[in-house]
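Some notes on the structure that comes next.
First the proteins, then the strands, lettered A, B, ... as listed; each starts at 1.
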Amino acid sequence: MTEIPKAYEPQSVEDKWYDFWVKQGCFTADPTRVTDKRPAYSIVIPPPNVTGMLHMGHVLNNTIQDILSRKARMDGKEVLWLPGTDHAGIATQVQVEKALKRDEKKTKHDLGREEFLKRVWTWKDKHGGIIINQLKKLGCSCDWTRERFTMDPEYSRCVQKVFVELYKKGLIYRGKRMVNWCPASQTALSDEEVEMKPQKGFMYHFKVEVAEAPGTWLTIATTRPETIPGDTAVAVNPKDPRYAHLIGQHIVRPLPIELPREQKLIPIIGDAHVDFEFGTGVLKVTPAHDKADFEICQRITKWAGSRIERTPFTDELSFMEPIEIMNADGTMNDLAGADLKGLERFKARKVAVERLGEQGLLIEEKPYENNVGFSQRADVPIEPRLSEQWFLKYPSVEVSTKCVAEGQMKFHPDRWAKVYDHWLSNIQDWCISRQLWWGHRVPVWYPKPGAFTEDQIQNLIESENDAYQSVTSIEEGVSLRWVSIEPPPDPANWIQDPDVLDTWFSSWLWPFATMGWTGDKASDANAQTLRAFYPTTDLVTGPDIIFFWVARMIMAGYEFMGDLPFKNVYFTGIIRDKQGRKMSKTLGNSPDPLVLISQYGADALRFGTMRSAPLGQDVLFDEKDVELGRNFCNKLWNACRFRQMQGGEVQGEMDAKLLSSDDRWILLRLDLAIREVTDALASYNFATAVQTLYRFFWSEYCDWYVEASKAAFFGQDTAFKANKVAVIDFVLSHLLRMFHPLLPFITEELWHGMGYSADMPEEQGGKTIMFARWPKPLSDDEKEAWGLDDTVETLANAKSELVTQGRNLKTQFNIGAGKKGKFTLKPAGNLAPGEAEVLRLLLSAESLDLDPHYAPKKGTPTALTKLGELYLPLDGLIDVDAERARLTKDVTKVQAEIEKVEQKLGNPSFAQKVPPAVLEEHRQRLADWQVKLAQTKAAIEALS
RNA sequence: GGGCGAGUGGCGCAGUGGUUAGCGCAGAUGCUUUACACGCAUUUGGUCGGGGGUUCGAAUCCCUCCUUGCCCACCA
């Protein structure tokens, strides 16, 4: 046992033990150790962005994972917590582009694709380690020997393999669709990457003339007048009596102005989705720039095709062809007309409105708020755009839905299961291609123009090599593709698809692609890690990526592993500041965890975060919580110092004969704490576990038990003292272990400092609390041997009542908290030997006399307790009126309680219907209150 | 428009039918008590969002309304 300093200094402790753990291989998972008796426990980390910095969300998330991992190790499991990072396509590319612009005034095009990618890799090597080191500072017990990156060569192979496989299953296809286009990043986005935000703008009403009926005007409402040049029709509801008769006629599109009138005639069509309540009931249809409009055109085309003889505008189906009037960067192109051409889209809106006004067509312009889709990353409004992209029809949807609905996989809290289910039953195909450079390149090659003759193409398609894939789509103009993780044998004849895959198209493979999966059945069967640790046990993540990541991992798990990827998903809350605002860089309300760690210690940060993180609720984070965590660690430190000051070696056996009532009580409370904490952790109720530990350690152990124990240590009985130390060692060694998953550093330091490590069986190459066994509740035998029965609690309550009331008297009569005050107790029964001294100490009193025949002077302050009447004689200082007032207040309170209970008992149906135990309890309660009332009244009588 | 949460003392939260509704922070008062002032003791704050119902008994179950947060949805 080494002496420990007065205040806990985390800085000198944390790095030391982290290095120790890593050097001893404590975090390293070994699949060969997994047996029935030593089951596997695994978590894969939600990979942070490779260039990211640790923020409070990571702290919450990874502390939880660390608690789960460390607890599992203490339960004797073989634990794999697999770490790694994500290449984060757009985010990383944007960062590097920004740096390039800032430092060299260049764009990525100035460098070219190859050179630019080199720069990204350099950037990654420079910044990629930061967040990993930050996780180490937090104490995360990840198996760093298995760190993975989504762009590792093996991982990239998995991504391509999956693409090829899904392609061959017919689930991946290329097509020209309406996609969410980000004009800033100039790439397509998935639906999940679009965030709807209310935007203040204007609703414009303008009128158009019906060509067949000059003088008849229709009014159209729109928020996007700049897209008028792209209108190919106007739609009305066929049931709308105002307009139905006009279907089949035409209107004159007002823009572009310079086009001749006959080129601007567009049909009036009917579509049931037009809401005649909304706006004017007339909808402009812009199929190239609005998803709903595109769909209307598809419906109309189909309808017209099937009912050709009844369609008045059969020959005008060409009007259903979308007109693209915008460039990829969000500026207007030639088709938008001379006035708008070259203008940025919002500038074009203004100009379009001006032109309408000049023609006398603008009727109204009123402020209007509507939802606009924004690119989540670039934070600019997305543009619905027709473009050719790769799409995925989600695989294994049915089984993925079932596994959560039927409970093979559990969500915590389970309400997220509904959200998951709802999304899954409404999913659209996933746009997986991105027009970026940083990412996994689509493993598809197209023949260069003229590289092959028709016959050659035919031969290749019919050849054994199934990398040659025929293409049936006519519009593409390509009849052959090479789809494989290997480039074609004659690369000179081919061009690889320039697009890369959505980052999530790699992340969704994370649970198995990190464990040596190759997609080859024979070699996967030999992959020890995969066999031992897949499916993983728990996944800990935020509900904000339930669609992006969780749902997709489940589908990939079933599709490629034939099994679910994890058995439990714990959804954390979102970290907010103490005012409930989301943490963000712009608000500047996001504290740097590393600063907090250096100020307060990693354990303090973990404690503060977890204490305020109830199951499934958002976490309102306040730096005060971390301060509290630091105070807590210091308290723990000093509780151990107190034990050390009593001296002696670590005590083993407790002698049941020497246990005091306080010893028995603290052992019972320990037992309760073990059960509560174990249950709380098993059900992912981390805040409950922390609160229970807090209560047990601080209130019960320190504030009560340790204070009471001083009576023994100040006394002379050495055997009794030694036994007291044994109890303390027993409690502290259990306590430290229960705290370890939450507070790894300080518990390890104390485990050694206190000498408890000496009891540890040697394994894993070093003695560490990490592999100490999680405490078990006391057995019935132990409870019997130590006399832990019901009387223990009853006596403790009575003592607590006496001490609290005695302290109260001291405060009220200004005796002060120091070793002052002379009490006299008129005991109600026999007190155990030494009990009076314990009580004196807890009262911080100069003395506590026992006198069964005590006759107090009039007006002596009194506390009436189950253990007897406690008096605080005050020489000449008695204020009879004050004491009377105090006691009278008590009487009022007690009478109110008696009234309540009597009312209940007086209800005839109460006695009939209530369980006997409850009835008995109420009767007892009434009796107790009545005794108290009589005593208090007697005390008042005695005053006069 | 649909779905899911939340409303308990100044603040943050526990408490899902049965004692006098708990805890932490903040506040007040007193204490250099010999583990810890990053501490100790005492103490002030609550008709549990409103209304109705079920029950012997409701913060807790049901209905309804109000407030608030989040997610989903092509209303131009």
Under 4.0 angstrom, heavy atoms only, what part of the nucleic acid is [X] near: base, sugar-phosphate, or nothing?
| X | value |
| --- | --- |
| A/V285 | nothing |
| A/D703 | sugar-phosphate |
| A/C702 | base |
| A/R807 | sugar-phosphate |
| A/P384 | nothing |

Working for side chain to side chain donor-acceptor pair (under 3.5 Å), residues A/Q912 and A/S909 = CA-CA 5 Å; A/Q912 287 164 13; A/S909 47; 5.9 Å; no

Can you measure [X] atom [atom1] to [N] atom [atom2] for me and round it to whole angstrom units?
| X | N | atom1 | atom2 | result |
| --- | --- | --- | --- | --- |
| A/L809 | B/A41 | CG | C1' | 13 Å |
| A/K624 | B/C38 | NZ | P | 12 Å |
| A/E623 | B/C11 | CD | P | 22 Å |

Close N or O pairs between protein and nucleotides 69-76 of chain B (under 3.5 Å):
unit_1 : atom_1 : unit_2 : atom_2 : d
B/A73  : N6     : A/N371 : ND2    : 3.2
B/C75  : O2     : A/D275 : OD2    : 3.0
B/C75  : N3     : A/D275 : OD2    : 3.4
B/A76  : OP2    : A/Y368 : OH     : 3.2
B/A76  : O2'    : A/A221 : O      : 3.1
B/A76  : N6     : A/D275 : O      : 2.6
B/A76  : N6     : A/F278 : O      : 2.9
B/A76  : N1     : A/D275 : N      : 3.4

Looking at residues at least two apart in the chain, or sitting in another chain, which of them share a side-chain hydrogen bond (donor to acceptor under 3.5 Å, both in side chains) with A/D928?
->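 In terms of side-chain hydrogen bond (donor to acceptor under 3.5 Å, both in side chains), with neighbours along the sequence ignored, A/D928 is linked to A/Q924.
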
With sequence neighbours left out, write down each residue that passes side-chain hydrogen bond (donor to acceptor under 3.5 Å, both in side chains) with A/E921, or none if nothing qualifies.
->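 A/R925.
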
Nucleotide pairing, RNA chain B (Watson-Crick or G-U, distances under 3.5 Å), in dot-bracket with [ ] and | = ((((((((.[[[[.)..(...]]]].(((((.......))))).....[[[[[..)....]]]]])))))))....

Restricting both atoms to N or O, compile the protein contacts to nucleotides 6-8 of chain B shorter than 3.5 Å, with distance only.
none

Short side-chain N/O contact to B/U43 OP1/OP2 from A/N808, under 4.0 Å =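 Yes, within the criterion.
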
Considering only atom P, compute the distance from B/U16 to B/G30 and round it to an integer number of Å.
->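 It works out to 40 Å between them.
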
Quote, to the nearest angstrom, the P distance that separates B/G18 from B/U34.
->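 Nearest-Å result for B/G18 against B/U34 at atom P: 44 Å.
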
Taking atom types as they are modelled, is there a donor-acceptor pair under 3.5 Å from the base of B/A35 to the side chain of A/E707?
->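 Yes.
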
Using a strict threshold of under 4.0 Å (side-chain N to carboxylate O), is an ion pair present between [Y] and [X]?
| X | Y | answer |
| --- | --- | --- |
| A/E801 | A/K866 | no |
| A/R253 | A/D231 | no |
| A/K197 | A/E369 | no |

What pairs meet the side-chain hydrogen bond (donor to acceptor under 3.5 Å, both in side chains) rule with one or both residues in residues 199-208 of chain A, with sequence neighbours excluded?
->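 Listed by first then second residue: nothing to list.
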
Which nucleotide sits closest to the side chain of A/W698: B/A35, B/C25, B/C40?
->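 The closest nucleotide is B/C40.
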
